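Worth saying up front: this structure is predicted, and the values here are computed from it rather than measured. Each residue takes its place number in the sequence, starting with 1.
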Amino acid sequence: MTLLVTLFAPVLMLFHLVGPVPSDLGVHDGALSPCTTPAHCARQTWPSSSPEPDFSALVAYVTDMPRTEVIEQTNRYIHAEASSALFGFVDDLELLLDLNNSSIQARSVSRLGDSDLGVNANRLGELKALVSN
């Protein structure tokens with residue numbers, strides 16, 4: 001079995017497992033879409049004492065994340081695609097500056113599979129550390 005994994009792992013790494021772009025990306029009625037299932041999606045709202053500077057810090061951080069490409073960016077919203085290191089699974093990461101509620105909304109969702117093994121929740125946990133309370 002180990003021999004098979006050793007032989008096929010390099011071949012599988014050549015594939016970039018993208019999957020279809022979710023149709024619910026973007027801002028809808030002033031908010032990011034809810035997660036349909038927590039198995040492959042994480043969504044959080046972070047209160048912020050300085051929402052605009054926090055959002056700017058988050059955008060800078062996301063822009064510098066490895067294997068991450070910013071797809072869309074405005075002064076209140078960012079959508080990025082983050083690829084896993086091993087097989088290139090693509091997740092969609094969204095951040096929304098919500099000035100009305102002094103908060104930042106965050107959503108990270110996997111395009112493929114029934115479970116993300118906690119990757120999206122961990123990603124949001126990493127980003128949350130940049131938000132001031």
Side-chain angles (χ1 to χ4, degrees):
M1 183 64 164
T2 304
L3 178 61
L4 288 175
V5 171
T6 305
L7 292 174
F8 288 110
V11 173
L12 289 174
M13 287 189 288
L14 296 174
F15 296 102
H16 188 70
L17 302 172
V18 177
V21 176
S23 60
D24 61 350
L25 293 177
V27 182
H28 307 280
D29 297 322
L32 298 178
S33 296
C35 289
T36 55
T37 174
H40 67 91
C41 180
R43 188 184 184 293
Q44 299 176 2
T45 299
W46 306 317
S48 171
S49 57
S50 304
E52 289 177 292
D54 284 346
F55 184 75
S56 294
L58 286 165
V59 168
Y61 189 84
V62 167
T63 301
D64 289 339
M65 287 171 57
R67 299 173 312 280
T68 301
E69 178 184 354
V70 174
I71 304 302
E72 180 182 350
Q73 182 178 349
T74 68
N75 59 347
R76 293 185 53 236
Y77 173 79
I78 185 171
H79 167 224
E81 294 177 350
S83 299
S84 66
L86 187 57
F87 293 115
F89 288 108
V90 175
D91 296 339
D92 290 283
L93 171 64
E94 298 179 284
L95 300 172
L96 175 65
L97 173 61
D98 184 353
L99 291 173
N100 294 334
N101 296 306
S102 295
S103 64
I104 297 168
Q105 297 177 30
R107 181 175 184 252
S108 187
V109 60
S110 300
R111 290 188 182 177
L112 294 174
D114 293 326
S115 174
D116 67 4
L117 303 174
V119 170
N120 289 303
N122 289 340
R123 180 179 294 120
L124 293 189
E126 180 181 330
L127 292 172
K128 183 181 180 182
L130 300 173
V131 178
S132 61
N133 290 328

Output the distance between atom OG (Ser33) and atom CD (Gln105), rounded to the nearest 0.5 Å. 10.0 Å
When clusters are formed by joining ILVMFWY residues with side-chain heavy atoms under 4.5 Å apart, either directly or through shared neighbours, do Val59 and Ile71 land in the same one? no
To the nearest 0.5 angstrom, please state how far the CD atom of Glu52 sits from the CZ atom of Arg76. 10.0 Å
Evaluate the side-chain proximity of Tyr77 to Leu32: yes if any heavy-atom separation is below 4.5 Å, no if none is. yes
Can you see which heavy atom on Ser50 is nearest to which on Ser132, and at what distance? N-OG, 3.8 Å
With a 4.0 Å cut-off, would you call Asp116 and Arg123 a salt bridge? no
Less than 4.5 Å apart, side chain to side chain, heavy atoms only: is that true for Ser102 and Pro47? no
Please answer: with hydrophobic residues joined when any side-chain heavy atoms are less than 4.5 Å apart, are Val131 and Phe55 in the same cluster? yes
Examine Val70 and Met65 and state if one hydrophobic cluster contains both, with Ile, Leu, Val, Met, Phe, Trp and Tyr joined whenever side-chain heavy atoms are less than 4.5 Å apart. yes
Please determine whether residues Leu93 and Leu130 belong to a single hydrophobic cluster, defined as Ile, Leu, Val, Met, Phe, Trp and Tyr linked transitively by side-chain heavy-atom distances below 4.5 Å. yes
Quick one: closest heavy-atom pair of Trp46 and Ala106, and the distance? CH2-CB, 3.4 Å
Could you tell me whether a side-chain N or O of Thr63 sits under 3.5 Å from a main-chain N or O of Tyr61, the two making a donor and an acceptor? no
Asp91 side-chain N/O to Ala82 backbone N/O, donor-acceptor pair under 3.5 Å: no
Is the shortest heavy-atom distance from the side chain of Thr45 to the side chain of Asp98 under 4.5 Å? no
With side chains defined as the heavy atoms from C-beta onward, is the minimum distance between Glu94 and Ile78 less than 4.5 Å? no
Say you draw a straight line from OG of Ser84 to CG of Leu117; how long is it, rounded to the nearest 0.5 Å? 10.5 Å
Would a 4.5 Å heavy-atom cut-off, applied to side chains only, mark Arg111 and Pro22 as touching? yes
Just how far is it from atom CZ of Arg107 to atom SG of Cys35, taken to the nearest 0.5 Å? 5.5 Å
Can you see whether Asn120 engages His40 through a side-chain donor-acceptor pair at a distance of less than 3.5 angstrom? no
Supply the atom-to-atom distance Asn75 CG to Leu99 CG, rounded to the nearest 0.5 angstrom. 8.5 Å
Quick one: closest heavy-atom pair of Leu127 and Leu58, and the distance? O-CD2, 3.3 Å
To check you understand the geometry: which heavy-atom pair defines the closest contact between Val90 and Ser83, and what is its length? CG2-OG, 3.8 Å
So, taking the atom named CG in Leu95 and the one named CG in Leu124, what distance separates them when rounded to the nearest 0.5 Å? 8.0 Å
